[in-house]
There are 2 protein chains.
Amino acid sequence: MSDLLERLRGRGWRMTAQRRVVAEVLDGEHVHLTADEVHARAVAKLPEISRATVYNTLGELVSLGEVLEVATDKRAKRYDPNAHRPHQHLVCGQCGAIRDVHPKGNPLADLPDAERFGFTISDVEVTYRGLCPTCAGA
Amino acid sequence: MSDLLERLRGRGWRMTAQRRVVAEVLDGEHVHLTADEVHARAVAKLPEISRATVYNTLGELVSLGEVLEVATDKRAKRYDPNAHRPHQHLVCGQCGAIRDVHPKGNPLADLPDAERFGFTISDVEVTYRGLCPTCAGA
DNA sequence: GCTTGACTTAGACATTGTCCATTGTAGGAT
DNA sequence: ATCCTACAATGGACAATGTCTAAGTCAAGC
């Protein structure tokens, strides 16, 4: 986390209380917050932070490649700070819980040339959907 | 398409001009329209159709399993009438073009038990991202 | 400790989607 | 063929999420 702040400062990022708070909120494993959730938690630490700043900062972190946008549910974008270790997502369709997962194999190899329509493919996203133990047990 | 209307009628779906128009708009291969685009095309055929009806009808078609919701971009949901042949999507990050693709292999097998967190997995979505020939050529 | 340009703010606006009360109508009953 | 009635459509308000702008504020270099 502090390494994140260091990295950003090194890239000429101006350090402000707001940006620090947003970065702190996004710390951790299996963290996938919506912009609104980030804002709520940021407000708890810094009451006067505005929605626009949270959106701006999240957008900047995404551009800098420090945070990933994920669209696991169809409502709001979620922000995943685990951007430096490639991974996929496992989502509970009931409660929305999300876990980072690391499948073996390379899905790209599974797509025949004939199915590529001449595209230059740069990335593959995989989302596993199902029920978490709690929701399945009910 | 008319088989779709037949199937729906058989399930007790009341047939109205609006529903017919929405179903017609969704006909074809590699069709992935947003709700708004569906509405725009439906209006062209039936000027008095309302937004709410389009949303309702799309929701019903999804519930009935005749149409899939896909979230390839983070803006609006898209509707894919190709619900009866399992497939994945290939998306151009520049222009947003979407193609249906059929990868070999089973991505589910690539997820080790240790990475399943006790989830019951029922579905896997794969999205290939890149550039289409037109956008890559530019 | 100034200065300055980048950052933040509040709130208006935009887009996408949902809800509800009212009006209309498909399709079976007569 | 006409009537009934439950189901469907309408339009407009509302909600959720995200974007933009003008004006004020402040971090960081001098």
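Throughout, protein chains are lettered first and strands after them, A, B, ... in sequence-line order, and every chain is numbered starting at 1. Just the heavy atoms: all of them, side chains too, but no hydrogens, waters or symmetry mates, feed the values below.
With A:Y79 as reference, A:L26 is the one residue of A:L61, A:L26, A:L33, A:V25 to meet the side chain to side chain contact (heavy atoms under 4.5 Å, CB included) rule.
Atom CD of A:E48 and atom P of D:dG24 are 18 Å apart (whole Å). Regarding A:R78, its CZ atom lies at a distance of 15 Å from the P atom of D:dA16, rounded to whole Å. Taking atom CD on A:E60 and atom C1' on D:dG18, their separation rounds to 15 Å, with Å as the unit. As a whole-Å value, the separation of A:Y79 OH from D:dT17 P is 12 Å.
Side chains of B:H84 and B:E66: a donor-acceptor N/O pair is present below 3.5 angstrom, by distance only. For the residue pair A:H102 and A:Q88, no side-chain donor N or O sits within less than 3.5 Å of a side-chain acceptor on the partner.
Of the two residues contacting DNA chain D, namely B:W13 and B:A52, the nearest-nucleotide position lying further toward the 5' end is that of B:W13. Both B:N56 and B:A17 lie near DNA chain C, and the one whose nearest nucleotide falls closer to the 5' end is B:N56. For the pair B:R14 and B:I49, nearest-nucleotide mapping onto DNA chain D gives the more 5' position to B:R14.
The B:Q18 side chain lies nearest to D:dT10 when the options are D:dT10, D:dT17, D:dA28.
Ion pair B:R99/A:E115 not flagged as a salt bridge, since none of the NZ, NE, NH1 or NH2 atoms sits closer than 4.0 Å to an Asp/Glu carboxylate oxygen. B:K45 and B:E24 are joined by a salt bridge, as a carboxylate oxygen and a charged side-chain nitrogen come within less than 4.0 angstrom of each other.
Using a 4.0 Å heavy-atom cutoff across all strands shown, B:R51 reaches at least one base atom of the nucleic acid. Nucleic acid contact class of B:A76 (heavy atoms, under 4.0 Å, all strands): sugar-phosphate only. When heavy atoms are screened at a 4.0 angstrom cut-off, B:T53 is found touching base atoms of the nucleic acid. Nucleic acid contact for B:R75: sugar-phosphate only, since backbone atoms but no base atoms lie under 4.0 Å from a heavy atom of the residue.
In the 5' to 3' direction, nucleotides of DNA chain C lying under 4.0 Å from heavy atoms of chain B begin and end at C:dT15 to C:dG27.
A:V126 approaches A:P107 most closely through the heavy-atom pair CG2-CG, 4.2 Å.
Relative orientation of the B:H30 and B:H32 rings is tilted, given thresholds of 30° and 60° on the angle between their planes.
In this structure, A:Y55 reaches the D:dG18 phosphate: one of its side-chain N or O atoms is under 4.0 Å from OP1 or OP2. An OP1 or OP2 oxygen of D:dA9 is reached within less than 4.0 angstrom by a side-chain nitrogen or oxygen of B:T16.
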